[in-house]
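Some notes on the structure that comes next.
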Amino acid sequence: MTKSCPPPSTSEPSREEQARALCLRLLTARARTRAELSAQLSKRGYPDDVRERVLDDAEFAEQWVQSRRAKAGKSKRALAAELHTKGVDNDVITAVLVGIDAGAERARAEELVRSKLRRETLGENADRVTRRLVGMLARRGYSQNLACEVVLGELAAERERRRV
């Protein structure tokens with residue numbers, strides 16, 4: 001009895017997918033600069049347009065900001081610092097973060113505090129809860145003034161909700 005081979009794949013990886021895979025392999029060995037990756041892609045015959053799309057910092061930065069903001073609740077300042085650490089150009093960072101205004105920052109901070117407050121008991125340990133919540137926002141890059149305003153406001157609202 002012979003086994004039949006699976007049918008050959010009809011979808012060959014695109015040049016862009018191949019270039020991304022090469023970059024990932026190179027990056028698993030060690031960290032590399034954008035210029036090093038571009039040189040390796042060029043050496044292997046990838047055209048300029050494929051290299052530009054694969055090494056697009058703006059696309060990376062946009063995805064990074066969306067992910068870190070949604071999942072970790074990072075502030076605009078923290079996101080800028082993370083992108084800067086990753087070597088993203090300042091112009092790209094500014095362009096990606098332009099959509100996050102002060103109102104959006106405050107709204108996200110309020111969401112984070114409300115989600116934590118639901119699990120807290122408010123009693124004699126209100127000062128401890130306040131310190132922990134302000135610290136949580138500070139670790140995510142929110143300013144001390146904003147963190148204190150949001151925490152005190154949300155604590156008052158939570159006490160009122162629990163009173164009713």
Testing the basics here: between A19 and V50, what is the closest heavy-atom pair and its distance to 0.1 Å? CB-CG1, 3.9 Å

What residues form a side-chain contact (heavy atoms from CB on, under 4.5 Å) with E82, not counting sequence neighbours? W64, R68, K74, L79

Using the rule side chain to side chain donor-acceptor pair (under 3.5 Å), only one of E17, E16, Q18 pairs with R20; which is it? E16

Identify each donor-acceptor pair in which a side-chain atom of residues 131-142 lies under 3.5 Å from a protein atom, sequence neighbours left out, and give them as a table.
residue, atom, partner, partner atom, Å
R132, NH2, E120, OE2, 2.8
R139, NH1, G135, O, 3.3
R140, NE, A72, O, 2.6
Y142, OH, G73, O, 2.9

Would you compute the distance between atom OH of Y46 and atom SG of C23 and round it to the nearest 0.5 angstrom? 8.5 Å

Can a donor-acceptor pair be found, under 3.5 Å and without considering hydrogens, that links the side chain of R108 to the backbone of R69? yes

Donor-acceptor contacts, no H, no angles, side chain residues 85-95, under 3.5 Å, sequence neighbours left out:
residue, atom, partner, partner atom, Å
T85, OG1, A81, O, 2.9
D89, OD2, D91, N, 3.4
T94, OG1, N90, O, 2.9

Do R161 and E158 make a side-chain contact, defined as non-hydrogen atoms from C-beta onward lying under 4.5 Å apart? yes

Where is the tightest heavy-atom contact between S115 and L112, given as atom of each residue plus distance? OG-O, 2.8 Å

What's the separation between atom OG in S143 and atom CD in E105, rounded to the nearest 0.5 Å? 8.5 Å

Heavy-atom nearest pair, L117 first then E154, reads CD1-O, 3.6 Å

Hey, does V65 have a side-chain heavy atom less than 4.5 Å from the side chain of L83? yes

side-chain contact (heavy atoms from CB on, under 4.5 Å) partners of E149, counting only residues at least two apart: R106

Side chains of R51 and L37, heavy atoms from C-beta outward: is any pair under 4.5 Å? no

Quick one: list whatever passes side-chain contact (heavy atoms from CB on, under 4.5 Å) with Q63, sequence neighbours left out. E59

Would you mind reporting whether V151 and V129 have side-chain heavy atoms less than 4.5 Å apart? no

For R25, which residues count as a side-chain contact (heavy atoms from CB on, under 4.5 Å) partner, sequence neighbours excluded? A21, L22

Between G45 and R15, the two heavy atoms sitting closest are O-NH2, 3.3 Å

Nearest 0.5 Å, what's the CZ-CZ distance between R159 and R163? 8.5 Å

To the nearest 0.5 Å, atom CG of L146 lies from atom OG of S75 at 9.0 Å

